[in-house]
K.L.:
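I have a structure I would like to understand better, so I am pasting it below and will then ask my questions one at a time.
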Protein chains: 2
Amino acid sequence: MVAIAWGMAVAPSRGPRRELSHEKIVEAGIEIADRDGLAAVTMQRVAESLGFTTMALYRYVSTKHELLDLMRDAAIAVPPRKKLPQPWREALRAWCQVMRECYRAHPWVLAIPRRQEVLLMPNAVALVDLGLQAMAELALDEEQKMAAVLTLSTYVGAMVGLERELAVEPDAEYTAEAFAALGEVITPERFPALRSMLLAGEYIGGPPSPEQGLDTELEFGLERILDGLERLDRELRGSS
Amino acid sequence: MVAIAWGMAVAPSRGPRRELSHEKIVEAGIEIADRDGLAAVTMQRVAESLGFTTMALYRYVSTKHELLDLMRDAAIAVPPRKKLPQPWREALRAWCQVMRECYRAHPWVLAIPRRQEVLLMPNAVALVDLGLQAMAELALDEEQKMAAVLTLSTYVGAMVGLERELAVEPDAEYTAEAFAALGEVITPERFPALRSMLLAGEYIGGPPSPEQGLDTELEFGLERILDGLERLDRELRGSS
DNA sequence: ACACTCAGCGTATGACCTACACAGATGAGG
DNA sequence: CCTCATCTGTGTAGGTCATACGCTGAGTGT
């Protein structure tokens with residue numbers, strides 16, 4: 001499966017000529033997911049959008065989940081030879097921006113459960129590499145850099161994921177009246193810290209978020225993490 | 001649905017006595033999810049584990065997803081009157097620890113797609129409140145505190161979620177040999193930063209992770225975020 | 001030329017969620 | 001105390017999915 005993603009799958013030479021290809025199938029799947037969401041990606045629908053029967057797909061893909069994995073990796077492709085700005089802080093911001101754009105363009109990616117192999121697929125690897133490049137000038141050791149890459153990518157993915165999940169439909173129960181009604185159960189003694197904020201409408205996904213997603217919040221967390229990395233970098237330099 | 005979670009659902013007084021209850025159903029669902037994973041939670045199986053027919057559940061829950069939402073909120077209950085240590089940094093660490101334990105005890109929680117309403121359910125609210133309590137002494141304003149709560153909870157959830165996803169089964173393709181084979185496609189010019197680390201086995205989920213999950217990495221990111229908050233706090237105090 | 005291999009198709013099976021109608025229980029109002 | 005609207009749990013049935021299996025015919029290495 002990793003082999004397929006790297007384009008190393010060996011096409012058999014014996015039988016009839018293949019009319020489909022991994023690329024076509026993956027592309028069709030992505031198109032459907034982009035338009036109608038991951039739930040609409042059904043073996044049937046992918047096949048018929050290509051003009052084939054459902055079972056034809058199984059000559060190329062051993063399981064639906066394998067198709068999804070391939071779709072993910074294809075969807076998170078980084079623009080090749082992407083140049084990162086300087087200094088490292090700007091580079092990491094740009095890197096996070098790349099991921100954010102990927103996820104915003106293909107939000108369904110974040111709903112696909114991950115297995116270990118996906119970490120070895122080409123675009124996942126490329127993304128990690130780019131993150132490491134961004135941190136080239138930092139004084140962290142390799143293990144720390146890898147942990148930082150993981151932290152940032154996980155964080156960005158999770159925030160965009162949350163944003164999309166919450167945005168699926170403005171919920172009928174998530175209104176000002178509902179907030180007010182909750183004022184009765186959200187008593188000061190049970191929820192000392194939260195009560196005032198909730199009544200003021202200051203709550204997750206409340207204003208100003210509805211329009212702009214969780215952009216402000218994502219930005220906030222991102223800057224904290226970068227600050228944290230900066231401090232670590234300084235400490236490591238200082239002690240050497 | 002939010003009403004059900006808050007125990008404010010009005011039981012009708014007209015018909016036959018109810019033999020089931022939301023609590024029993026949710027509990028049965030949790031038990032199955034804990035034992036066999038979220039995929040095993042099927043209306044049929046929940047019902048039969050209680051000795052009823054599938055359709056009986058729909059008198060209490062309008063949709064399977066509603067049951068899952070209720071299960072989540074029930075599963076993330078914080079020990080009541082949980083005391084947080086001092087100072088704020090220790091408090092936030094403890095808060096994250098609480099979440100981590102929740103997610104480790106009920107990993108399936110992280111696989112349930114979230115809708116806006118879930119943010120209004122009692123234990124979700126309690127968790128936010130606890131996070132805010134932990135930050136009481138910080139100089140951040142309310143919006144910043146809320147963003148910090150969101151950042152930390154999202155981050156911890158995502159890391160534990162990733163950990164569980166990757167741990168489902170040690171993948172057959174994720175071995176030392178596979179790494180070596182990838183050495184051929186992971187060329188220095190395409191992946192300048194990564195190559196040496198990959199060959200040294202220093203990669204996400206590689207050693208020392210297999211045994212201990214992503215604990216080290218989670219800890220790393222957490223400390224960076226806390227450092228970032230500390231810096232922001234200092235800046236806000238300094239400029240006042 | 002032959003035999004083996006493989007592509008795409010049709011059919012079938014077994015989960016699963018959930019809509020709908022039914023029979024009996026139960027309590028509110030006269 | 002009677003009556004009837006209301007609600008409970010049940011049985012059935014329909015629709016959607018993933019995918020196993022066997023078939024036909026195409027193309028290739030020997």
Side-chain angles (χ1 to χ4, degrees), chain A residues 1 3-4 9-29 32-33 35-72 108 111-113 115 168, chain B residues 1 3-4 9-29 32-33 35-72 108 111-113 115 168:
Chain A
M1 211 235 67
I4 298 176
V10 274
S13 68
R14 279 308 258 275
R17 205 167 314 287
R18 290 186 146 191
E19 306 173 34
L20 278 168
S21 69
H22 293 108
E23 289 75 14
K24 277 191 221 169
I25 293 173
V26 168
E27 186 188 4
I32 294 168
R35 182 170 12 257
D36 298 326
L38 194 61
V41 178
T42 205
M43 294 308 261
Q44 203 157 359
R45 203 165 145 201
V46 171
E48 92 189 12
S49 90
L50 290 164
F52 289 81
T53 53
T54 307
M55 291 312 289
L57 302 183
Y58 285 96
R59 291 284 174 195
Y60 298 82
V61 140
S62 68
T63 214
K64 182 186 178 185
H65 200 268
E66 187 168 309
L67 170 56
L68 294 181
D69 283 347
L70 292 170
M71 284 170 55
R72 185 223 325 278
W108 46 267
I112 304 176
R115 293 175 297 165
V168 170
Chain B
M1 212 235 69
I4 297 176
V10 275
S13 69
R14 282 304 260 272
R17 203 166 315 286
R18 292 186 142 189
E19 306 174 34
L20 278 168
S21 68
H22 294 108
E23 289 75 14
K24 276 191 222 166
I25 293 173
V26 167
E27 188 188 2
I32 293 168
R35 178 165 19 250
D36 297 327
L38 194 61
V41 177
T42 206
M43 295 306 262
Q44 206 157 354
R45 199 161 150 205
V46 171
E48 93 189 11
S49 90
L50 290 163
F52 289 81
T53 55
T54 308
M55 293 310 290
L57 302 183
Y58 285 94
R59 292 284 171 199
Y60 298 82
V61 140
S62 67
T63 213
K64 183 187 177 182
H65 199 268
E66 187 166 311
L67 169 57
L68 295 181
D69 284 348
L70 292 170
M71 282 169 57
R72 185 222 326 279
W108 45 268
I112 304 174
R115 293 176 297 166
V168 170

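Chain letters run A, B, ... following the sequence lines, proteins first and then strands; every chain starts at 1.
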K.L.:
Rounding to a whole Å, what distance do you find between A/Arg17:CZ and D/dG25:C1'?
P.N.:
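Computing the A/Arg17:CZ to D/dG25:C1' distance gives 15 Å.
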
K.L.:
Atom CE of B/Met71 and atom CD1 of B/Ile25: how far apart are they, to the nearest 0.5 Å?
P.N.:
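So the CE of B/Met71 and the CD1 of B/Ile25 are separated by 11.5 Å.
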
K.L.:
If you count the non-hydrogen atoms of other residues, nucleotides and ligands that lie under 6.0 Å from CD in B/Glu66, is the total more than 12?
P.N.:
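Above 12, so yes.
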
K.L.:
Hey, does the side chain of B/Tyr60 reach the backbone of B/Leu20 with a donor-acceptor pair shorter than 3.5 angstrom?
P.N.:
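Yes.
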
K.L.:
Hey, which sits more toward the 5' end of DNA chain D by its nearest nucleotide, A/Met43 or A/Gly15?
P.N.:
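Its nearest nucleotide lies further toward 5', so the answer is A/Met43.
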
K.L.:
Kindly compute the distance separating CG (A/Leu57) from CE (A/Met43), expressed to the nearest 0.5 Å.
P.N.:
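Spacing of CG (A/Leu57) from CE (A/Met43) equals 5.0 Å.
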
K.L.:
Mind checking the NE2-CZ spacing from B/His65 to B/Arg115? Nearest 0.5 Å is all I need.
P.N.:
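Separation between the atoms: 5.0 Å.
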
K.L.:
Separation of B/Glu48 atom CD from C/dA15 atom C1', in whole Å?
P.N.:
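In whole Å, C/dA15 C1' lies 13 Å from B/Glu48 CD.
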
K.L.:
Could you please name the option among D/dA5, C/dG8, D/dT8 that lies closest to any side-chain atom of B/Pro16?
P.N.:
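Per side-chain heavy atoms of B/Pro16, the pick is D/dT8.
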
K.L.:
Tell me, which of residues 52-64 of chain A have any heavy atom that sits under 4.0 Å from an atom in DNA chain D?
P.N.:
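Close to the strand are A/Thr54, A/Met55, A/Tyr58, A/Thr63, A/Lys64.
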
K.L.:
Starting at OG1 of A/Thr42, measure out to CG of A/Asp36 and round the result to the nearest 0.5 Å.
P.N.:
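It comes to 12.0 Å.
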
K.L.:
CD of A/Gln44 versus P of D/dT19: gap in Å, rounded?
P.N.:
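So the two atoms are 13 Å apart, to the nearest Å.
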
K.L.:
Measure CZ/B/Arg18 against P/D/dT6 and give the value in whole Å, please.
P.N.:
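After rounding, the reported distance stands at 16 Å.
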
K.L.:
How many whole angstroms separate atom NE2 of B/His65 from atom P of C/dT18?
P.N.:
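After rounding, the gap between these two atoms is 11 Å.
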
K.L.:
Atom CZ of B/Arg14 to atom C1' of C/dA25: distance rounded to whole Å?
P.N.:
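After rounding, the reported distance stands at 13 Å.
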
K.L.:
For the pair made of CD in B/Glu19 and P in C/dG24, what is the distance, rounded to whole Å?
P.N.:
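For the pair B/Glu19 CD and C/dG24 P, the rounded distance is 16 Å.
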
K.L.:
Please state how far atom CG in A/Leu67 lies from atom P in D/dA18, giving the value in whole angstrom units.
P.N.:
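Result: 10 Å.
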
